[in-house]
Amino acid sequence: MKMKNPLEPAGRTALAASRELLALEPEEKALALRLMAAGVRSAAEKIVRENGLDMEEARKGGHNAAFLDRLLLTPERVEHMARGMEQVAALPDPVGECIREWTRPNGLHIRQVRVPLGVIGFIYESRGTVTCDAAALCLKSGNAVILRGGSESLRTNRALAEVLRAALKESAVSADAVQLLDSGSRDEVRQLCGLDSFLNVIIPRGGKGTDPRRDGVRQGSRAEASGRRLPCVCGCGGGFRDGRERAG
C-alpha cells in the first residue's frame, strides 16, 4: 500500500494560501512585507539568541570558519534582513505586468503577462538570511513558499518563521503562505519533492548539498509514478523524476 506523504497537509494549506494571494491588491502584499520586517526587527534579540545556540552546535560539529560566518546572525545582520524586506515591499508589483505584446498577421493580439507560479518549494543551506529573503520575494511575486533550510540553522529558522507567520496573521496574507519544515530530517527533502500535487516549482539554493537529486529524492515519488516532471530552477535546465535524470 502506498504511504501517504506526511507533508501533504503543508502542501494543501500552502496551495490554498497561494490562491488567496491571487485576490490581494499590491498594497496588501506590501503591507504584509512591512509587518514582517517590523516583526523581525522587534524580535532581533530572540533571533540572535537562538542563532547563538546554532552557532555553538556548529562549532562543536567542527564546521569551518566560512560556514560559521554564513550561519552567524548579528544584530546588524538582522537589521539588514529587515531593511531587505522593506526594500522588496517598495518594489513595483510584478504580478500582471505586461512583458511584451504583439499582433499576429491575422489580427490576433497577444500579450505576455507575468503571473504567480503558485507554491514554491525552497531548499537552501544553513543561512538564516535566506529564510527572510525567500519569504519576501515569494510573497511579493504572489507565491506561497515552503521553506527547508539546513539542519544546522534549525533554531534560527524556527525563530524567524515564527516571527514572519505572526506578522502575516496581522495582514491580509494567510500565514500559511510561509511555512517552514523544521524536523531536521533529510527525509523532508524527499517528501517535499514528492508534493507534486501541490508544488509548482522547486528552488535549490546553494552548493551541491542542496541539490535534491543528490539523494535520489524522486525515486518512488508520486511524480515518478505519474510521469509528471516537477520543474527545477537551479540552472540545470531540467526537472526531477528520479535521482539520475537531468531532463531537457
Side-chain angles (χ1 to χ4, degrees), residues 4-43 81-82 84-99 111-124 130-149 157-182 188 191-203 205 222-223 228 230-233:
K4 185 176 180 180
N5 190 328
L7 298 187
E8 280 190 18
R12 188 170 290 106
T13 54
L15 180 60
S18 73
R19 290 172 175 168
E20 292 177 16
L21 278 168
L22 294 173
L24 297 185
E25 295 295 328
E27 180 52 35
E28 290 177 303
K29 291 186 292 182
L31 176 58
L33 290 171
R34 291 195 293 270
L35 289 170
M36 287 163 57
V40 166
R41 190 173 281 120
S42 297
M81 288 193 301
M85 287 187 286
E86 290 171 340
Q87 290 169 356
V88 172
L91 292 172
D93 194 287
V95 179
E97 177 189 354
C98 181
I99 303 172
R111 300 175 74 238
Q112 186 177 1
V113 178
R114 296 187 190 276
V115 297
L117 293 168
V119 181
I120 295 174
F122 208 103
I123 303 169
Y124 54 104
V130 177
T131 302
C132 290
D133 291 345
L137 291 170
C138 287
L139 291 186
K140 182 69 175 185
S141 55
N143 299 289
V145 63
I146 300 178
L147 302 162
R148 203 284 182 179
N157 286 335
R158 284 171 181 160
L160 288 168
E162 180 182 346
V163 169
L164 298 179
R165 287 171 57 83
L168 291 180
K169 290 177 182 178
E170 303 299 319
S171 76
V173 177
S174 169
D176 290 328
V178 175
Q179 299 187 50
L180 173 73
L181 305 183
D182 64 352
E188 282 182 336
Q191 293 160 357
L192 179 63
C193 292
L195 292 179
D196 48 289
S197 296
F198 307 104
L199 292 184
N200 296 94
V201 68
I202 287 179
I203 301 177
R205 182 192 187 280
R222 294 179 61 180
R228 178 183 172 187
L230 189 61
C232 167
V233 294

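What you see is a predicted model, and the numbers here were worked out from it, not measured in a lab. All values below come from the heavy atoms of this structure, side chains included, with hydrogens, waters and symmetry mates left out. Starting from 1, each residue takes its place in the sequence as its number.
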Non-hydrogen side-chain atoms of [X] and [Y] separated by less than 4.5 Å:
X: Ile99; Y: Val113; answer: no
X: Leu168; Y: Leu139; answer: yes
X: Leu147; Y: Asn157; answer: no
X: Val95; Y: Val115; answer: no
X: Phe122; Y: Arg148; answer: no

Under the side chain to side chain donor-acceptor pair (under 3.5 Å) test, which residues partner [X], sequence neighbours left out?
X: Glu86; result: Arg41
X: Glu97; result: Arg114
X: Asp133; result: none
X: Arg165; result: none

Quick check: closest heavy atoms across [X] and [Y], and the distance to 0.1 Å?
X: Ser18; Y: Gly118; answer: CB-O, 3.3 Å
X: Cys98; Y: Arg111; answer: CB-NH2, 3.5 Å
X: Asn5; Y: Pro9; answer: O-CD, 4.4 Å
X: Leu199; Y: Gly121; answer: CD2-N, 3.8 Å

Does [X] have any side chain to side chain contact (heavy atoms under 4.5 Å, CB included) partners at least two apart in sequence or in another chain, and if so, which?
X: Asn143; answer: Pro116, Leu117, Ile120, Cys138, Ser141
X: Ala43; answer: Ile47, Val163
X: Leu137; answer: Val88
X: Thr13; answer: Asp176, Gln179

Val173 and Glu28: CA distance, side-chain angles, deciding distance, side-chain contact (heavy atoms from CB on, under 4.5 Å) verdict: CA-CA 8 Å; Val173 177; Glu28 290 177 303; 5.9 Å; no
Partners meeting salt bridge (Lys or Arg N to Asp or Glu O under 4.0 Å) with Glu27 (sequence neighbours left out): Arg34
Partner residues of Glu162 under the salt bridge (Lys or Arg N to Asp or Glu O under 4.0 Å) criterion, sequence neighbours left out: Lys46
Just how far is it from atom [atom1] of [X] to atom [atom2] of [Y], taken to the nearest 0.5 Å?
X: Glu188; Y: Ile146; atom1: CD; atom2: CD1; result: 10.5 Å
X: Met36; Y: Cys132; atom1: CE; atom2: SG; result: 6.5 Å
X: Ser174; Y: Leu21; atom1: OG; atom2: CG; result: 8.0 Å
X: Arg158; Y: Leu180; atom1: CZ; atom2: CG; result: 8.0 Å
X: Leu164; Y: Leu35; atom1: CG; atom2: CG; result: 11.0 Å
X: Gln191; Y: Leu181; atom1: CD; atom2: CG; result: 8.5 Å

Trace of the side-chain contact (heavy atoms from CB on, under 4.5 Å) decision for Ile123 with Arg205: CA-CA 6 Å; Ile123 303 169; Arg205 182 192 187 280; over 6 Å; no
Within 6.0 Å of CD in Glu25, more than 12 heavy atoms from elsewhere: no
Audit row: Ile203, Tyr124, side-chain contact (heavy atoms from CB on, under 4.5 Å) steps and yes/no: CA-CA 8 Å; Ile203 301 177; Tyr124 54 104; over 6 Å; no
Exam field: side chain Lys140 to backbone Ala89, donor-acceptor pair closer than 3.5 Å: yes
